[in-house]
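These notes are about the structure you will find just below.
Counting starts at 1 for both ligands and their atoms, following the listed order.
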Amino acid sequence: MNPFEQHLAAVLDERRALSRYRVRPHIESPQGPDLVVDGKVYTAFCSNDYLGLANHPDVVSAMAQSVGQWGVGSGASHLVCGHSAEHHALEQELAAFCGRERALVFSTGFMANLGAVTALVGRGDHILQDKLNHASLLDAGLLSGARFSRFLHSDLNSLRARLAKADTGRTLVAVDGVFSMDGDIAPLQEQAALVREHNAWLMVDDAHGFGCLGQGGRGTTELLGLDAQDVPVLMGTLGKALGTFGAFIAGSDTLIEALIQLARPYIYTTALPPAVAAASRRSLQLVTDEPWRRQRLAELIAQFRAGAQVLGLRLMPSETAIQPIIVGADADALEMSFQLRQRGFWVSAIRPPTVAEGSARLRVTLTASHTHQHVEGLLQALADILSDPSKASS
Ligand SMILES: *Cc1c(COP(=O)(O)O)cnc(C)c1O
């Protein structure tokens with residue numbers, strides 16, 4: 001066998017042995033609580049479509065109409081001839097919504113993080129990140145060439161110590177607003193104050209807060225009352241609560257102009273289809289016009305937490321749509337996910353290396369399109385699994 005084939009086969013075998021082999025479920029329906037997977041209908045609690053907009057008729061028709069007007073492909077990168085009026089309008093609307101001078105639309109959140117971090121810091125600078133940050137921020141830190149250090153999760157003393165040591169060049173501190181696998185919110189007020197004291201910059205990746213948190217859905221920064229001085233670099237994604245695709249960085253005119261000149265994952269890639277930008281514009285309007293979606297979500301979160309606590313399940317300190325149930329061992333998490341599936345519920349098991357060893361979990365996510373009955377059904381299925389000693393995992 002070729003050495004590559006041999007190496008890869010060994011890696012795959014090891015993953016299988018560890019219960020870490022990943023497979024892609026085949027989805028045969030649009031996103032929504034009733035999800036068809038491999039030919040069967042399940043009640044799904046695993047998407048990031050937090051406001052239930054991925055298949056909203058207005059968003060669907062905005063996209064269809066725009067395809068009629070613009071066609072499918074954007075044809076080129078933004079700097080060549082791919083930056084359409086739809087992209088431009090979306091940027092202006094995002095900037096106004098976030099209360100920033102400008103916004104820049106990227107093709108994905110992964111690229112927005114890579115682009116912003118590598119444009120802002122390099123050799124001789126420092127990048128400080130929360131240990132539990134999203135993989136795209138962590139990879140961006142490595143790629144930047146800046147001195148990279150990770151502080152303990154949401155630990156202010158750990159951040160303070162790292163800031164004190166970062167005494168050359170510029171220092172960028174990057175954190176998730178809402179942590180994707182735990183659902184907890186970063187202590188941004190305290191972090192922003194510390195970062196300003198050290199004359200550094202704070203970047204917040206609000207992929208899971210944008211659209212969901214705060215009165216107006218502006219995200220974690222709105223919830224915690226932070227402005228552009230506190231968080232000069234704000235990143236949000238459009239593929240989660242907005243139900244579409246893409247991402248953006250919002251900030252000052254200078255920041256955005258610099259990213260247009262310097263951010264390689266912005267410059268050297270095809271602009272996303274104009275129709276996707278049009279769909280995002282419609283979604284953003286719904287985020288403003290339909291605050292009931294956030295209220296519904298908050299009610300379902302409260303219902304789920306109360307019910308899970310009665311069952312004695314191990315939850316995380318999360319107020320957000322991400323409500324993990326900590327199981328522990330990888331095989332137990334898989335078994336629990338399998339048991340739920342047999343009862344008609346689709347919840348994904350998250351295992352290392354995505355989360356720390358011994359903290360495998362079921363990542364339950366709630367959306368505004370779930371009903372109280374859906375949540376009640378999930379709680380009943382969990383109760384059923386726990387009460388059957390032959391099937392219980394712990
Ligand atoms: C999903 C996610 C991203 C990546 O966004 P995509 O648009 O899916 O590439 C970045 N950061 C966080 C915290 C995320 O959850």
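Counting heavy atoms under 4.0 Å from ligand 1, residue Met111 does not touch it at all. Proximity of Thr108 to ligand 1, defined as any heavy-atom pair under 4.0 Å, is shared by backbone and side chain alike.
Aromatic ring centres of His153 and Phe179: separated by under 6.0 Å. Taking the centre of each ring, Phe97 and Phe210 come in below the 6.0 Å mark.
Looking only at protein heavy atoms, the nearest one to atom 13 (C) of ligand 1 is Asp205 OD2, 3.3 Å. Scanning the protein for heavy atoms near atom 2 (C) of ligand 1, the closest one is Lys240 NZ, 2.4 Å. Ranking protein heavy atoms by distance to atom 4 (C) of ligand 1, first place goes to Phe110 N, 3.6 Å.
For His198 (side chain) and Val195 (main-chain N/O), no donor-acceptor pair under 3.5 Å exists by modelled atom type.
Taking the six-membered ring for Trp and thresholds of 30 and 60 degrees, His83 and His88 have ring planes more than 60 degrees apart, a perpendicular arrangement.
Atoms of ligand 1 lying under 4.0 Å from at least one heavy atom of Gly109, given by number and element, are 4 (C), 5 (O), 6 (P), 7 (O), 9 (O). Those atoms of ligand 1 with a heavy atom of Asp176 less than 4.0 angstrom away are 13 (C). Below 4.0 Å from some heavy atom of Ala207 lie the following atoms of ligand 1, by number and element: 2 (C), 11 (N), 12 (C), 13 (C), 14 (C), 15 (O).
Residues Leu35 and Leu378 do not share a hydrophobic cluster, defined by chaining ILVMFWY side chains whose heavy atoms lie under 4.5 Å apart.
A salt bridge does not link Glu197 with Arg160: none of the charged nitrogens is closer than 4.0 Å to a carboxylate oxygen. Here Asp49 does not pair with Lys240 in a salt bridge; the nearest charged N to carboxylate O distance is not below 4.0 Å.
Every heavy atom of Ala247 sits 4.0 Å or more from the atoms of ligand 1.
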